[in-house]
Amino acid sequence: MSADLVLAGVSAGYGETVVLQRVSLGLDAGGTLAVLGRNGVGKTTLLATVMGHTTLHGGTLAFRSTELAALPAHRRSRLGIGYVPQEREIFRSLTVEENLAVAERPGRWSIARVYDFFPKLAERRRHHGNQLSGGEQQMLAIGRALLTNPTLLVMDEPSEGLAPTIVEQLLPMVRDIAASGTTVILVEQSVNLALTIAQTAYFMEKGEIRFHGPTAELLERPDVLRSVFLEGAQA
């Protein structure tokens with residue numbers, strides 16, 4: 001397998017403020033990676049750095065052998081990196097179908113396929129973004145990202161603020177996206193759910209990677225989870 005994404009010694013943040021410190025990770029094509037940790041440890045900043053929304057202070061990052069440091073966010077998207085932001089950022093004044101049409105690019109994901117994947121969006125296609133429930137908005141944010149036909153999908157807290165019954169429906173869909181061959185990076189507060197989706201987990205603390213390993217091993221080592229994830233994390 002060839003590496004889709006490689007970060008080597010990356011330090012990054014916002015302006016002069018450094019949040020990430022010497023972060024290194026690698027993700028193979030078709031792989032799934034979960035980034036875990038409490039709020040405020042740098043998980044969202046890590047994803048924002050991959051997408052080009054932060055200031056790079058050191059290190060290198062590359063996607064499919066293309067150096068990303070000098071590329072703006074829209075160029076990274078064109079390379080095949082899709083993004084589902086924590087805030088969802090759907091167009092609330094547009095209908096579901098208009099939100100999807102804005103993002104659509106040629107490829108295996110089409111609006112019809114998104115509707116097959118998320119039947120609820122098909123039912124609500126003529127509703128505006130501000131008329132959708134939180135779960136429906138998250139489905140729309142994911143569907144819009146898929147319509148860019150990414151080879152790498154970056155997802156920030158897809159279950160945040162959703163009722164447990166909606167999470168139970170949504171996260172298996174994330175697993176199906178990964179199983180279809182799309183490389184996935186997932187930031188998620190729900191540890192057990194993230195570990196059932198991802199092949200590898202990275203745990204962050206204070207802007208640094210403190211531990212990483214195969215999720216299959218971590219699921220069998222609750223002592224490791226307790227020691228590296230810290231007290232108070234949701235599991």
Side-chain angles (χ1 to χ4, degrees), residues 14-15 35 39-40 43-55 63 68 71-178 180 182-190 193 197:
Y14 304 96
V35 182
N39 288 334
K43 305 185 305 295
T44 291
T45 300
L46 174 60
L47 300 192
T49 299
V50 171
M51 297 308 304
H53 299 153
T54 62
T55 302
F63 175 66
L68 296 179
L71 297 184
H74 71 274
R75 289 281 304 281
R76 301 183 194 205
S77 177
R78 291 290 181 184
L79 283 177
I81 305 177
Y83 186 39
V84 181
Q86 187 174 14
E87 299 81 9
R88 298 165 189 159
E89 296 179 5
I90 63 170
F91 298 108
R92 296 178 178 271
S93 62
L94 301 183
T95 66
V96 165
E97 191 142 317
E98 289 169 340
N99 266 276
L100 296 175
V102 165
E104 189 175 20
R105 295 179 191 159
R108 61 195 180 100
W109 283 98
S110 63
I111 291 178
R113 186 178 178 190
V114 168
Y115 283 155
D116 286 341
F117 199 72
F118 294 118
K120 182 62 71 173
L121 293 184
E123 296 173 14
R124 306 276 275 171
R125 70 179 70 194
R126 308 215 180 277
H127 288 73
H128 290 83
N130 60 6
Q131 297 174 306
L132 303 180
S133 69
E136 291 164 349
Q137 289 182 12
Q138 190 61 279
M139 292 175 192
L140 180 55
I142 296 171
R144 185 181 58 184
L146 290 173
L147 280 170
T148 66
N149 277 286
T151 54
L152 169 63
L153 184 62
V154 177
M155 308 183 72
D156 193 359
E157 303 278 14
S159 74
E160 184 180 38
L162 302 183
T165 55
I166 301 299
V167 174
E168 288 176 6
Q169 298 171 33
L170 187 63
L171 288 184
M173 294 176 178
V174 178
R175 190 183 301 116
D176 290 344
I177 292 169
S180 73
T182 302
T183 307
V184 174
I185 299 180
L186 172 69
V187 161
E188 181 53 58
Q189 279 292 315
S190 180
L193 288 171
I197 294 171

Say you draw a straight line from [atom1] of [X] to [atom2] of [Y]; how long is it, rounded to the nearest 0.5 Å?
X    : Y    : atom1 : atom2 : value
H127 : S133 : NE2   : OG    : 11.0 Å
I142 : Q137 : CD1   : CD    : 12.5 Å
E157 : L47  : CD    : CG    : 9.0 Å
M173 : I197 : CE    : CD1   : 12.0 Å
R144 : L121 : CZ    : CG    : 11.5 Å
L152 : M51  : CG    : CE    : 8.0 Å

I want to check something: taking the side chain as every heavy atom from C-beta on, are [X] and [Y] in contact at a cut-off of under 4.5 Å?
X    : Y    : result
F63  : V50  : no
T151 : T183 : no
L46  : I185 : no
D176 : F117 : yes
Y83  : H53  : yes

| Where the side chain of R126 meets the backbone of T95, is there a donor-acceptor pair that is under 3.5 Å apart? |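 Checking the backbone N and O of T95 against the side chain of R126, no donor-acceptor pair under 3.5 Å is found.
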| message | Would the distance check show the side chain of R76 and the main-chain N or O of L68 forming a donor-acceptor pair, the cut-off being under 3.5 Å? | response | yes
Could you pull out the closest heavy-atom pair between [X] and [Y], with the gap in Å?
X    : Y    : result
A145 : V84  : CB-CG2, 3.7 Å
L146 : W109 : O-CB, 3.3 Å
E188 : P158 : OE1-CD, 3.3 Å
L153 : P150 : CD1-CG, 4.3 Å

| With sequence neighbours excluded, what pairs up with Y115 under the ring pair (Phe, Tyr, Trp, His ring centres under 6.0 Å) test? | none
| message | I'd like to know if the side chain of Y14 pairs up with that of T45 as donor and acceptor (distance under 3.5 Å, no hydrogens or angles considered). | response |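 Short answer, yes.
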| message | Using the side-chain hydrogen bond (donor to acceptor under 3.5 Å, both in side chains) criterion, which residues pair with D156? Sequence neighbours excluded. | response |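 By the side-chain hydrogen bond (donor to acceptor under 3.5 Å, both in side chains) rule, D156 matches T44.
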| task | May I have all residue pairs that pass salt bridge (charged side-chain N to carboxylate O under 4.0 Å, His left out) and include part of residues 97-115, sequence neighbours excluded? | result |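 Every salt bridge (charged side-chain N to carboxylate O under 4.0 Å, His left out) pair that includes a residue of residues 97-115, provided the two are not neighbours, is E97-R125.
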